[in-house]
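Structure first, then comments.
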Number of protein chains: 2
Amino acid sequence: MSNRIDGLSDRKKLILKAIVEAHIQGGEPVGSKYITESKQLTCSSATIRNEMAELENMGYLEQPHTSAGRIPSKQGYRFYVDTLLEEYAMTAKEIAQINQLMKIKMSELDRILDKASKVASSLTNYTGFAIKPRSRAVTVTRFETALIDSRSFILILVASDGSVKTRNILTDSAIDLHTVTGLSQALNELVAGLDAEEITLPIMMSLENRIGDSALANTVMKSIYEVLGELDGGELKVSGLDRLLQYPEFSDSSDLGELLGAFERKDEILDLVSDTESDRVNVVIGSESSVKVINNSTFVFKPIKSKGKTVGAIGVIGPLRMDYARVLATLDNLGGNISQLLNEPKHTEKGDNHDG
Amino acid sequence: MSNRIDGLSDRKKLILKAIVEAHIQGGEPVGSKYITESKQLTCSSATIRNEMAELENMGYLEQPHTSAGRIPSKQGYRFYVDTLLEEYAMTAKEIAQINQLMKIKMSELDRILDKASKVASSLTNYTGFAIKPRSRAVTVTRFETALIDSRSFILILVASDGSVKTRNILTDSAIDLHTVTGLSQALNELVAGLDAEEITLPIMMSLENRIGDSALANTVMKSIYEVLGELDGGELKVSGLDRLLQYPEFSDSSDLGELLGAFERKDEILDLVSDTESDRVNVVIGSESSVKVINNSTFVFKPIKSKGKTVGAIGVIGPLRMDYARVLATLDNLGGNISQLLNEPKHTEKGDNHDG
DNA sequence: AATTAGCACTTGGAACAAAAGAGTGCTAAT
DNA sequence: ATTAGCACTCTTTTGTTCCAAGTGCTAATT
């Protein structure tokens, strides 16, 4: 009888779906009686009980204690997300809010992501985050300088991912426009386009020779290394942290502490996002991944692509019993819009606000 | 008998001090028996009880319920901080850690503050924050441009407080080096040094005339407004959020939520810090100030001065029963060091790392 | 063979009572 | 002015009972 390609009869699927959704909605364990009363199935509570017992044996459900209803296990949520989830139809209001964001045509990824994480948080009512994953491939493609006074100038570094970093440089000896112009020329010829490993001693020597000021060359190279490090190491922005507290699973205890700690350290989350390849919305339930920190929470995130490369991700974090349908739809839409924005030909529109 | 200039006998002061310190240490209400046993006073528990009753009447102590010991009231903490606190001698290790930070000679305030908030958090074991207060006085003192390609360039804005902001600008029509050089010249002559109110319509008109591209002028001015807004609105960085959770007063409940919410919104905290004038370490206990959000927590922060002006602040946030002696000493030292770093003549040292 | 009604069983939570413990306030003695 | 002593108050803990929820199993039914 019926569809068993993934090992569950249609009825079991229906029951599992009903339990997951009831639990997501109410937060309480779900009993057999509730399922029969919800009229999605025609059989009796005894039948449901038998099926539930089997689902528990198979690992899809758990029982907090003998006389309680069932709650979905992580495997249960996983099956739900992968197989049972129905498309969520976004409301006009939600779509409007996303379009609102899209109108702000910012060209700088950092600021787009920052804004997007706020929107994700406010649309889903979970904690939102935005991330720029690690990528060794980023280099400085161009150097510019701007003289400030006789003892300081600004070094501007344009990275291959489009981001711009600046550094105030204080010099030991007096400098003039000629010096810094020469410096930026030299950097553009010798260092631009190289990554950290490619900047070798010979290159540094020739830079020193070229500008004829070893102290300056030294200082500048230090700054460049630093910026390369920043470009490489990802960034993580979090917004709507306080929303976590409204869910009883975080209301007390150590789970919240682990999450906050993970946000502080950043690296676990960066790893988690950087390691995934799928372009679709990713759902990481509990400690499915090797990342230990997020045991009792779910990460959902969607990569942001620009010209075929993953340049960032936006997502939300919340309890296991997350409103997956809605979150998936929201992030898919939002992330897709952002990727599209990044990829669309930039100069086709009328001359309104082209920047941010 | 004895010192009553602030209305408390010496003995009452001793008792209050003992109670505050015992409570800071243990977190539990303090009873009369504990005080007598701690051997700081020679009188009996009954005497202590009488004194405690009086201290409660005077508003320095509170009783959670009849059969509990006393805990300090906000007024009690206030008196303790203002009058009873003994100098905390920082350990060699703590001083070493601060000196470590000081070695990183960064010239950019943002990055110093960011780092400093982390150090403050790790030294005190409370949540650290760093802030750049609002200040209407900041203007853009200088504009630079860097051409990227025929349709985009980077606008660099150097602010009067030394910070540097950049904006990617996408243009509708093709541009060349000549265009952007002319643009920066025009901006430097017409707009540099003005604050948002001073940029009037006539000025914008003459800019438009000067560069002869109204769409470009428009886009650029939008970016400038935006940056002026950013420079004006303060920044708030928080680190060590997870440390809050180790204190039982935040272990559950809404207080934590209010704090997290305040960190999200930022404005209450910015107001709080921006409104204070004292250069010393400030201690805001509970809702002493008009800021409602932080009812059951203490803010301690020290302003950072550069050339006589307050350019930032670093501080920590924690429960009312905070280790005030230690926090005050740490922030005073740390903040003082940073201010000194910002003010010291910058070019006197040997040619080692002058930047960051 | 699958479903279902019925019932015994398990368990956590609520309600209540009693006891223990901590600390006070007051009185009377020093 | 201080202090010993004690009655009093209030929270916390512990134990008991009771109840409701929900299960698993068995026997009857389709």
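So that the names make sense, note that chain A is the first sequence line, chain B the second, and so on, each numbered from 1. No experiment lies behind these values; they were computed from the predicted model shown.
The environment of NZ in B:Lys74 is crowded: more than 12 heavy-atom neighbours from other residues, nucleotides or ligands sit within 6.0 Å.
In this structure, the side-chain contact (heavy atoms from CB on, under 4.5 Å) partners of A:Lys17, at least two apart in sequence or on a different chain, are A:Glu21, A:Tyr80, A:Leu84, A:Glu86. Applying the side-chain hydrogen bond (donor to acceptor under 3.5 Å, both in side chains) rule to A:Glu62 yields no partners; only residues at least two apart in sequence or on another chain are considered. With sequence neighbours left out, A:Arg78 forms a salt bridge (charged side-chain N to carboxylate O under 4.0 Å, His left out) with A:Asp82, A:Glu288. Taking the salt bridge (charged side-chain N to carboxylate O under 4.0 Å, His left out) definition, one finds that B:Arg321 meets it with B:Glu249, sequence neighbours left out. By the side-chain contact (heavy atoms from CB on, under 4.5 Å) test, B:Asp242 is found to be paired with A:Leu260, A:Glu264, residues two or more places apart in sequence or in another chain being considered. Judged as a salt bridge (charged side-chain N to carboxylate O under 4.0 Å, His left out), and not counting sequence neighbours, the contacts of A:Asp332 are A:Arg280, A:Lys302. Residues that satisfy the side-chain contact (heavy atoms from CB on, under 4.5 Å) test with B:Thr36, not counting sequence neighbours, are B:Ser45, B:Ile48. In this structure A:Glu28 satisfies the side-chain contact (heavy atoms from CB on, under 4.5 Å) test with no other residue, sequence neighbours excluded. A search for salt bridge (charged side-chain N to carboxylate O under 4.0 Å, His left out) contacts involving B:Arg70 returns B:Glu56, not counting sequence neighbours.
Taking atom CD1 on A:Ile35 and atom P on C:dT3, their separation rounds to 17 Å, with Å as the unit. Whole-Å rounding puts the B:Leu41 CG to D:dA1 P distance at 18 Å. Following rounding to the nearest Å, B:Tyr34 (OH) and C:dG21 (C1') show an atom-to-atom distance of 19 Å. Between the CD1 atom of A:Ile48 and the C1' atom of C:dA5 there is a distance of 15 Å, given to the nearest Å.
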Going 5' to 3' along nucleotides 23-30 of chain C, which nucleotides have protein heavy atoms under 4.0 Å from the base (write B), which only from the sugar-phosphate (write S), and which from neither (write -)?
SBB-----
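Close to D:dT2, at under 4.0 Å from its OP1 or OP2, lies no side-chain N or O of B:Ser44.
Of the residues near DNA chain D, B:Cys43 and B:Pro64, the one whose nearest nucleotide (by heavy atom distance) lies more toward the 5' end is B:Cys43. Comparing B:Glu51 and B:His65 against DNA chain D, the residue whose closest nucleotide sits nearer the 5' end is B:Glu51.
Of the residues in residues 14-25 of chain B, none has a non-hydrogen atom less than 4.0 angstrom from any atom of DNA chain D.
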Can you give the dot-bracket line for DNA chain C, using ( ) for pairs inside the strand, [ ] for pairs that cross earlier ones, | for pairs with another strand and . for unpaired bases, where Watson-Crick and G-U count if both distances are under 3.5 Å?
||||||||||||||||||||||||||||||
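A donor atom on one side chain and an acceptor atom on the other are not found under 3.5 Å apart for A:Thr124 and A:Arg326.
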